[in-house]
There are 2 protein chains.
Amino acid sequence: MPHDGKRVKGSADERAQARDRLRAELLAAARALAEEKGGYEGVTIRALADRVGYRAPVVYEYFANKRDLLLALIEAGFAECADALAKALCAHEQRRAGGVLPAVAEAYWSFSLSQPHLYRLMHSLSDVPFGAPATPAPAQECFVLLRNAVTEAAPRHPATAYDADAATDLFWAHLHGLVMLTLDGRIKGGPTRAHGLLGHLTDTFTGNGARSGPR
Amino acid sequence: MPHDGKRVKGSADERAQARDRLRAELLAAARALAEEKGGYEGVTIRALADRVGYRAPVVYEYFANKRDLLLALIEAGFAECADALAKALCAHEQRRAGGVLPAVAEAYWSFSLSQPHLYRLMHSLSDVPFGAPATPAPAQECFVLLRNAVTEAAPRHPATAYDADAATDLFWAHLHGLVMLTLDGRIKGGPTRAHGLLGHLTDTFTGNGARSGPR
DNA sequence: CCCCATTTCCTAACGCTGTTAGATACAGAA
DNA sequence: TTCTGTATCTAACAGCGTTAGGAAATGGGG
């Protein structure tokens with residue numbers, strides 16, 4: 001939604017409101033641009049400004065630098081991920097079909113595969129602290145939701161008995177690894193087959209030995 | 001080892017030999033540079049050329065473009081990884097202590113954590129095909145070695161019974177996920193605690209229920 | 001032995017990137 | 001109307017990957 005070069009003004013409130021709106025517009029534009037260009041490497045400050053009808057320097061009125069902009073996107077990504085996980089947990093409690101873990105794993109899977117570029121971005125800035133006080137809140141929320149699911153569903157997992165965090169880390173690692181390898185195109189059968197492996201993945205955590213039969 | 005601006009010549013053979021040497025020198029310089037700068041984002045063509053005593057354009061006499069140079073590094077990385085895995089498998093066969101899987105997992109772990117930047121690079125160029133005919137041979141070798149270990153050690157894993165590839169993909173995903181989260185600093189206790197989780201990881205594949213005690 | 005063709009290496013440049021400085025023009029307040 | 005602040009722009013800088021074209025030095029053929 002380009003601004004036709006029109007100047008937005010108004011008394012104090014209106015200006016602040018417009019500021020927030022343009023900030024959100026920039027974030028949305030970045031996501032749309034990443035979608036078009038097939039990755040956040042294609043998201044450039046100038047292209048971003050162009051897309052909202054401005055020139056490059058205005059972006060720096062809303063974000064200190066590109067890293068800060070990406071950080072905001074990452075935080076939003078974790079928030080959406082937490083939403084998806086929470087929905088899955090909640091839905092499971094209502095109609096108790098299947099296990100909690102498969103439901104949560106499915107939610108994690110469909111979130112990451114529906115927004116592959118965003119998911120990659122979330123795990124690409126390696127200097128975003130984790131397990132530290134500076135960790136973005138939504139990311140911590142994701143971890144807590146995963147732990148809830150793990151502790152509730154997998155009391156029999158060897159690691160769970162004495163350390164819920166350990167079991168959660170392992171579950172998260174397994175999930176993350178499968179998603180990453182899939183997004184990188186490194187699972188032979190592609191996303192379809194990879195998705196089929198999800199069932200086995202959760203089985204190893206529920207202790208559900210040889211449940212799903214062959215084929 | 002800068003070249004002091006001296007021209008390297010000689011009869012045909014010597015020239016070809018010098019070419020190969022400089023090519024290798026460039027690759028080594030890239031790895032050293034990545035180590036210094038803390039990542040391959042810091043490896044620039046000009047810095048690379050500087051480090052071997054030349055100017056930027058000579059790099060293009062040895063690699064078509066930066067991507068090709070990185071690809072060569074990636075292939076070398078997978079080759080070294082395969083070496084480490086093979087050594088672990090071999091060493092296990094000689095003195096049968098512990099399981100094959102823990103040994104192989106340990107080898108994978110120490111390879112990736114001793115060369116974190118290289119490991120990241122190996123999994124960052126997402127358009128490197130896998131499970132395709134164009135897959136670099138050393139990468140395929142890594143997969144085969146992992147599968148050997150999995151099939152030999154985990155006949156009881158639910159997925160293994162009817163699909164060794166599936167079990168290998170899952171094992172690889174679990175390992176890769178744990179390594180990645182650790183390298184990204186997203187495991188609370190840092191590499192030390194993450195390494196402790198490795199045991200539990202292999203346990204879920206050997207079917208070794210509650211082996212390693214608490215703590 | 002000498003000249004030539006080839007190889008090696010460089011400087012300069014292009015278009016792109018993130019980012020900053022400084023000028024301009026306009027909106028609201030007085 | 002005049003003043004003040006801010007929204008926005010143009011221009012520029014340094015650095016990136018990459019290419020074009022020229023200069024120097026060399027080994028091999030006459």
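Chain A is the first sequence line, chain B the second, and so forth, proteins listed ahead of strands; every chain is numbered from 1. For clarity, every value in this text was computed on a predicted model and none was experimentally measured. What's counted below: heavy atoms across the whole structure, side chains too, no hydrogens, waters or symmetry copies.
- At least one side-chain heavy atom of B:M180 sits under 4.5 Å from a side-chain heavy atom of B:Y119.
- For the pair A:R51 (side chain) and A:A32 (backbone), a donor-acceptor distance under 3.5 Å is absent.
- Note: CG (A:D50) to C1' (C:dT17) measures 14 Å, nearest angstrom.
- With contacts defined as side-chain heavy-atom distances shorter than 4.5 Å, the pair A:D163/A:T168 does not qualify.
- Atom CG of A:L48 is separated from atom C1' of C:dT17 by 14 Å (rounded to the nearest Å).
- Summarising the geometry, the separation between CD on B:Q17 and P on D:dG27 is reported as 15 Å, rounded to the nearest angstrom.
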Look for any protein N or O under 3.5 Å of an N or O in nucleotides 19-23 of chain C and output each such pair with its distance, or none.
| unit_1 | atom_1 | unit_2 | atom_2 | d |
| --- | --- | --- | --- | --- |
| C:dT19 | OP2 | A:Y60 | OH | 2.9 |
| C:dT19 | OP2 | A:K66 | N | 2.8 |
| C:dT19 | O5' | A:Y60 | OH | 3.2 |
| C:dT19 | O4 | A:R46 | NH1 | 3.3 |

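- In this structure, A:L70 atom CG and C:dG18 atom C1' are separated by 12 Å, rounded to whole Å.
- The stretch residues 30-44 of chain A comes close to DNA chain C through A:V43, A:T44, each having a heavy atom under 4.0 Å from the strand.
- Atom CD of A:E61 and atom P of D:dT8 are 8 Å apart (whole Å).
- Per the geometry, CZ belonging to B:R55 stands 16 Å off C1' belonging to D:dG15, to the nearest Å.
- Listed candidates were D:dA7, D:dT8, C:dT11. Nearest to the side chain of A:R19 is D:dA7.
- Distance alone, capped at 3.5 Å, places no donor-acceptor pair between the A:H174 side chain and the B:G177 backbone.
- Counting heavy atoms from C-beta outward, A:F171 and A:R147 have side chains that stay 4.5 Å or more apart.
- Rounded to whole Å, the distance from CG on B:L26 to P on D:dG17 is 13 Å.
- Counting heavy atoms from C-beta outward, A:S124 and A:L121 have side chains that approach closer than 4.5 Å.
- Side-chain atoms of B:L170 and A:T204, non-hydrogen and from C-beta on, never get closer than 4.5 Å to each other.
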Checklist entry - Which is it for B:E80 and B:R31 under the salt bridge (charged side-chain N to carboxylate O under 4.0 Å, His left out) test, yes or no, and what are the steps along the way? => result CA-CA 14 Å; B:E80 288 177 27; B:R31 293 179 69 155; 2.7 Å; yes
For a quick test of your reading: what N or O donor-acceptor pairs under 3.5 Å do the side chains of residues 189-196 of chain B make, sequence neighbours left out?
| unit_1 | atom_1 | unit_2 | atom_2 | d |
| --- | --- | --- | --- | --- |
| B:R193 | NH1 | A:D169 | OD2 | 2.8 |
| B:R193 | NH2 | A:D169 | OD2 | 2.7 |
| B:H195 | NE2 | B:E106 | OE1 | 2.9 |
| B:H195 | NE2 | B:E106 | OE2 | 3.1 |

